[in-house]
Amino acid sequence: MLGLSRRAGKFVGGHDAAFESIAKGKAKLCFLTNDASERLKQEFRETVRYDGRQVPLFELDCTMREIQTATGQKCAVFTVTDAGFASKLQELLSKEDKI
């Protein structure tokens, strides 16, 4: 799904781009990889809630390298800006938690 969202132009990867998509209200989901720095994780935990925002944040059990394999872009933080992709990704993540 991440690769599809990237090809559809609904994947926003990297610190500055992800921060901007959240700040402008475009982000529907935010993701952090498990090898992101603690400073970056804390920054985005605060950013998704700042000023009344309610962007869901998921800390994935994968590395930047695995995200690069799936999307072609190596990043520790990224957002998805399409509601359809966001809904499907949340559904898949909730199924994974139940397994």
Side-chain angles (χ1 to χ4, degrees):
M1 284 306 293
L2 292 176
L4 287 173
S5 67
R6 169 114 167 122
R7 288 187 285 284
K10 305 300 181 183
F11 176 95
V12 179
H15 177 277
D16 294 343
F19 186 87
E20 184 177 332
S21 75
I22 294 168
K24 290 186 175 183
K26 295 180 180 180
K28 306 300 182 212
L29 288 177
C30 183
F31 296 93
L32 293 163
T33 61
N34 63 4
D35 57 348
S37 72
E38 285 305 314
R39 186 191 65 70
L40 181 76
K41 289 178 182 180
Q42 187 58 39
E43 178 182 353
F44 275 86
R45 286 179 191 132
E46 293 171 6
T47 299
V48 298
R49 299 287 174 246
Y50 180 76
D51 200 26
R53 295 184 193 115
Q54 293 297 317
V55 179
L57 176 69
F58 290 92
E59 295 187 32
L60 302 173
D61 188 26
C62 64
T63 64
M64 287 185 275
R65 175 89 54 209
E66 291 169 317
I67 296 301
Q68 181 180 21
T69 300
T71 66
Q73 183 176 357
K74 186 176 178 182
C75 53
V77 60
F78 57 93
T79 62
V80 173
T81 59
D82 179 78
F85 280 116
S87 175
K88 186 63 176 178
L89 285 164
Q90 282 183 305
E91 179 186 323
L92 291 171
L93 287 168
S94 68
K95 284 182 182 179
E96 183 178 293
D97 289 342
K98 294 176 185 173
I99 294 175

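Keep in mind that the numbers below use all heavy atoms, side chains included, and drop hydrogens, waters and symmetry copies.
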So, [X] side chain and [Y] main chain: donor-acceptor pair closer than 3.5 Å or not?
| X | Y | result |
| --- | --- | --- |
| Arg45 | Leu40 | no |
| Arg53 | Thr47 | yes |
| Ser87 | Gly84 | no |

> Any salt bridge (charged side-chain N to carboxylate O under 4.0 Å, His left out) pairs touching residues 66-85, not counting sequence neighbours?
Replying inline: none
> Pairs in or reaching into residues 10-24: which pass salt bridge (charged side-chain N to carboxylate O under 4.0 Å, His left out), with residues at least two apart or in two chains?
Replying inline: Glu20-Lys24
> Do we see a donor-acceptor contact under 3.5 Å between the side chains of Ser21 and Thr81?
Replying inline: no
>> When you compare the side chains of Glu38 and Gln42, does any donor N or O come within less than 3.5 Å of an acceptor on the partner?
In response: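 No, no side-chain donor-acceptor contact under 3.5 Å.
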Give me the atom names and distance for the closest heavy-atom approach of [X] to [Y].
| X | Y | answer |
| --- | --- | --- |
| Thr71 | Gly3 | CG2-N, 4.2 Å |
| Cys30 | Val55 | N-CG1, 4.0 Å |
| Gly13 | Cys75 | CA-SG, 3.9 Å |

Using side-chain heavy atoms (C-beta onward) and a distance below 4.5 Å, is [X] in contact with [Y]?
| X | Y | answer |
| --- | --- | --- |
| Leu60 | Ile67 | yes |
| Phe44 | Ile22 | yes |
| Lys28 | Phe85 | no |
| Gln68 | Gln73 | no |
| Thr63 | Thr33 | no |

Could you measure the distance from the [atom1] atom of [X] to the [atom2] atom of [Y]? Nearest 0.5 Å is fine.
| X | Y | atom1 | atom2 | value |
| --- | --- | --- | --- | --- |
| Ser5 | Lys88 | OG | NZ | 13.5 Å |
| Leu2 | Phe78 | CG | CZ | 5.0 Å |
| Arg49 | Leu57 | CZ | CG | 7.0 Å |
| Leu32 | Met64 | CG | CE | 11.0 Å |

>> Classify the ring geometry of Phe31 against Phe58: parallel below 30°, tilted from 30° to 60°, perpendicular beyond 60°.
In response: parallel
>> Could you check whether atom NZ of Lys41 has more than 12 heavy atoms from other residues, nucleotides or ligands sitting under 6.0 Å from it?
In response: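 Result for NZ/Lys41: enclosed.
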> Is it the case that one hydrophobic cluster holds both Phe11 and Val48, taking links as side-chain heavy atoms less than 4.5 Å apart, direct or via other members?
Replying inline: no
